[in-house]
K.L.:
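Shown below is the structure under consideration.
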Amino acid sequence: MIELCGIPLAHRVINASGTFDAIAARRAFGDALLERFPFAAFVSKTVTVERREGNPPPRLWEQPAGMINSIGLPNKGLEGYLAQDLPRLAELPVPLIVNVMGFTREEVARLVAAFAEREEVAALELNVSCPNVKTGMVMGADPGETAALMDAVRPLTAKPLIVKLTPNCASPAAVAAAAEQHGADAVSLINTLRGMAFHPRRPGRPWLGGGSGGVSGPAVRAVALAQVAEVSARVAIPVVGMGGVQTAGHARALRLAGADVVAVGTESFRDPLAGAAIAEGLAAAEGENGVPDPGAANAANTGVQAGASGAAGAPVAG
Ligand SMILES: Cc1cc2nc3c(=O)[nH]c(=O)nc-3n(C[C@H](O)[C@H](O)[C@H](O)COP(=O)(O)O)c2cc1C
């Protein structure tokens, strides 16, 4: 048995927030989903204080190596989630991690305080990719903002707090270090990279209803590997690595870069059971105790190991 911040996990693969709708999957697959749930923990889609309808359509743009999404975080809001989603997600056979986001520190604090009381919730993931409307700064793009956020929410719960880092900033490692110093139990990365696509028949007009969106899937895998290596070299708390994972080999690479646990996102849209196959392959590659074999790291010769164990923040590529 593996653990993440004290949460027991049957294996090292979880889902990336917003990419696997466990309630819809249960409707589609029935109790068979519970018997063979693909992930070792379930991370719910971002919950905000108020209900959100999300962005106008179109919300997805498929690209050669992944997609750009501009979903806009539609959700039922805190009250709706507590009343309708939480009871159903609590039936899943794995620990529940609730992902939350606020537009001010006070909103994040309200969400954290509300979930702190719920025994169904094993941990909280803080989606800090959002601007603080009071300061104009993205909460996870600036170490000072992240530190202030952690100071506001850390006293509100003893549950593990996982800070989900954004790649759209100068130094995710500096933000991770600030999160750790101010009480985060783990960090997860990467969230999507900002991107846009033009309408195929209206030159210069954005395709996505939201204008721009977040790039995910194979296109971001190399970015994820670099950032996971850099962050892992900088912090001692556990790291959840994600970004473009499609195979056990991709998951293994993130592990070698320093991730304790790996999350599967976009790939689940193609195959809802991808997580299970990746978990099996990763466990087989790492042996029963899950400790990576250093010989295999050398054989992989990615250069990532050297970067991960070298000077903090040193470039790992090129
Ligand atoms: C359609 C879609 C919806 C997403 N929704 C959320 C979300 O609600 N909250 C969040 O923190 N990340 C969200 N993400 C980001 C993923 O959790 C993940 O960080 C990112 O997609 C990189 O992993 P991947 O390349 O395996 O998809 C979403 C990604 C996609 C593609």
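For ligands, and for the atoms within them, numbers begin at 1 and follow the listed sequence. Note: hydrogens, waters and symmetry copies are ignored here, and every other heavy atom, side chains too, is used. Index from 1, following the sequence.
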K.L.:
Any carboxylate oxygen within less than 4.0 angstrom of a Lys/Arg side-chain nitrogen, looking at K159 and E120?
P.N.:
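A salt bridge is absent here (no side-chain N lies under 4.0 Å from a carboxylate O).
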K.L.:
Give a yes-or-no answer on whether the side chains of T166 and N191 include a donor-acceptor pair shorter than 3.5 Å.
P.N.:
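Result is no, nothing qualifies.
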K.L.:
Give yes if a backbone or side-chain nitrogen or oxygen of E125 is under 3.5 Å from a nitrogen or oxygen of ligand 1, and no if not.
P.N.:
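Such a contact does not occur with ligand 1.
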K.L.:
Which protein non-hydrogen atom lies closest to atom 2 (C) of ligand 1, naming both residue and atom, and how far is it?
P.N.:
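Of every protein heavy atom, N69 ND2, 3.5 Å lies nearest to atom 2 (C) of ligand 1.
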K.L.:
Checking the N or O distance criterion of under 3.5 Å, is ligand 1 in contact with I190?
P.N.:
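Yes; the residue has a nitrogen or oxygen that sits under 3.5 Å from a nitrogen or oxygen of the ligand.
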K.L.:
Flag V220 as yes when one of its N or O atoms lies below 3.5 Å from any N or O atom of ligand 1, and as no otherwise.
P.N.:
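Between V220 and ligand 1 (N or O atoms, distance only) the closest approach is not under 3.5 Å.
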K.L.:
Under 4.0 Å from a heavy atom of L73: give me the atoms of ligand 1 that qualify, with their elements.
P.N.:
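Near L73, the atoms of ligand 1 are 7 (C), 8 (O).
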K.L.:
Under the salt bridge (Lys or Arg N to Asp or Glu O under 4.0 Å) criterion, do R12 and D260 qualify, and how do the steps go?
P.N.:
CA-CA 7 Å; R12 292 189 188 272; D260 296 83; 5.3 Å; no
K.L.:
So is there a nitrogen or oxygen of L60 less than 3.5 Å from a nitrogen or oxygen in ligand 1?
P.N.:
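Min N/O separation from ligand 1 is not below 3.5 Å for L60.
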K.L.:
Report all side-chain donor-acceptor pairs from residues 23-33 shorter than 3.5 Å, counting only partners two or more places apart or in another chain.
P.N.:
unit_1: R26; atom_1: NE; unit_2: D31; atom_2: OD1; d: 3.2
unit_1: R26; atom_1: NH1; unit_2: E91; atom_2: OE1; d: 2.7
unit_1: R26; atom_1: NH2; unit_2: D31; atom_2: OD1; d: 2.9

K.L.:
Are M67 and W207 connected into the same hydrophobic cluster when the rule is that any two of I, L, V, M, F, W, Y join if their side-chain heavy atoms are below 4.5 Å apart?
P.N.:
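In one cluster with W207: M67, no.
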K.L.:
Decide yes or no for V228 and L189: does some side-chain heavy atom of the first lie under 4.5 Å from some side-chain heavy atom of the second?
P.N.:
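Touching, per the 4.5 Å side-chain cut-off.
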K.L.:
For ligand 1, which atoms sit closer than 4.0 Å to a heavy atom of F269?
P.N.:
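In order of numbering, the contacting atoms are 1 (C).
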K.L.:
Pick whichever of G54, G244, A16, S44 has a heavy atom sitting closest to atom 24 (P) of ligand 1.
P.N.:
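Closest candidate by heavy-atom distance is G244.
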K.L.:
With a heavy-atom distance limit of 4.0 Å, tell me whether T266 approaches ligand 1 through its side chain, its backbone, both, or neither.
P.N.:
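The part of T266 near ligand 1 is both the backbone and the side chain.
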K.L.:
Identify, for atom 12 (N) of ligand 1, the protein heavy atom at the shortest distance, and state residue, atom and that distance.
P.N.:
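The answer is K164 NZ, 3.1 Å.
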K.L.:
Tell me, which protein residue and heavy-atom name are nearest atom 3 (C) of ligand 1, and how many Å apart are they?
P.N.:
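The protein heavy atom lying closest is G18 O, 3.3 Å.
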K.L.:
How does M101 reach ligand 1, by side chain, by backbone, by both or by neither, if only non-hydrogen atoms under 4.0 Å count?
P.N.:
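The answer is neither.
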K.L.:
Are L82 and L126 in one and the same hydrophobic cluster, where Ile, Leu, Val, Met, Phe, Trp and Tyr link if side-chain heavy atoms are under 4.5 Å apart?
P.N.:
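Same cluster: L82 reaches L126 through Ile, Leu, Val, Met, Phe, Trp or Tyr contacts under 4.5 Å.
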K.L.:
Is the shortest N/O to N/O distance between A263 and ligand 1 below 3.5 Å?
P.N.:
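No: no nitrogen or oxygen of A263 is under 3.5 Å from one in ligand 1.
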K.L.:
Considering only the protein, which heavy-atom contact is closest to atom 9 (N) of ligand 1, and what is its distance?
P.N.:
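The closest heavy atom on the protein side is T46 OG1, 2.7 Å.
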K.L.:
Just need the protein heavy atom nearest to atom 15 (C) of ligand 1, so name the residue and atom and give the distance.
P.N.:
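Here the closest protein heavy atom is N191 OD1, 3.4 Å.
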K.L.:
Under a 4.0 Å N-O cut-off, is there an ion pair linking R270 with E267?
P.N.:
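Answer for the salt bridge query: yes.
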K.L.:
State whether the shortest distance between N or O atoms of T192 and N or O atoms of ligand 1 falls below 3.5 angstrom.
P.N.:
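No, T192 has no N/O under 3.5 Å of an N/O on ligand 1.
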K.L.:
For residues 174-183, pull every pair meeting side-chain hydrogen bond (donor to acceptor under 3.5 Å, both in side chains), keeping only residues two or more places apart or in separate chains.
P.N.:
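As it turns out, the side-chain hydrogen bond (donor to acceptor under 3.5 Å, both in side chains) pairs with a partner in residues 174-183, which skip direct neighbours, are D151-H182.
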K.L.:
Could you walk me through whether N75 and T48 pass the side chain to side chain donor-acceptor pair (under 3.5 Å) test, one step at a time?
P.N.:
CA-CA 7 Å; N75 75 97; T48 53; 2.8 Å; yes
K.L.:
Around atom 4 (C) of ligand 1, find the nearest protein heavy atom and jot down its residue, atom name and distance.
P.N.:
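Going by distance alone, atom 4 (C) of ligand 1 is nearest to S17 O, 3.6 Å.
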K.L.:
Taking atom types as modelled, find out whether N127 and T46 have a side-chain donor-acceptor pair closer than 3.5 angstrom.
P.N.:
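Note: N127 and T46 side chains meet the donor-acceptor criterion.
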K.L.:
Nearest heavy-atom pair of H11 and A40: which atoms, and what distance?
P.N.:
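Of all heavy-atom pairs spanning H11 and A40, the closest is O-CB, 3.2 Å.
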K.L.:
Which residue supplies the protein heavy atom nearest to atom 8 (O) of ligand 1, what is that atom called, and how far is it?
P.N.:
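Of the protein heavy atoms, K45 NZ, 3.1 Å lies nearest.
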K.L.:
Using a 4.0 Å cutoff against the non-hydrogen atoms of T19, which atoms of ligand 1 qualify?
P.N.:
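Close to T19: 29 (C), 30 (C).
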K.L.:
Please report which non-hydrogen protein atom sits nearest to atom 21 (O) of ligand 1, along with the residue it belongs to and the distance in Å to one decimal place.
P.N.:
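Nearest neighbour among protein heavy atoms for atom 21 (O) of ligand 1, to 0.1 Å: S216 CB, 3.3 Å.
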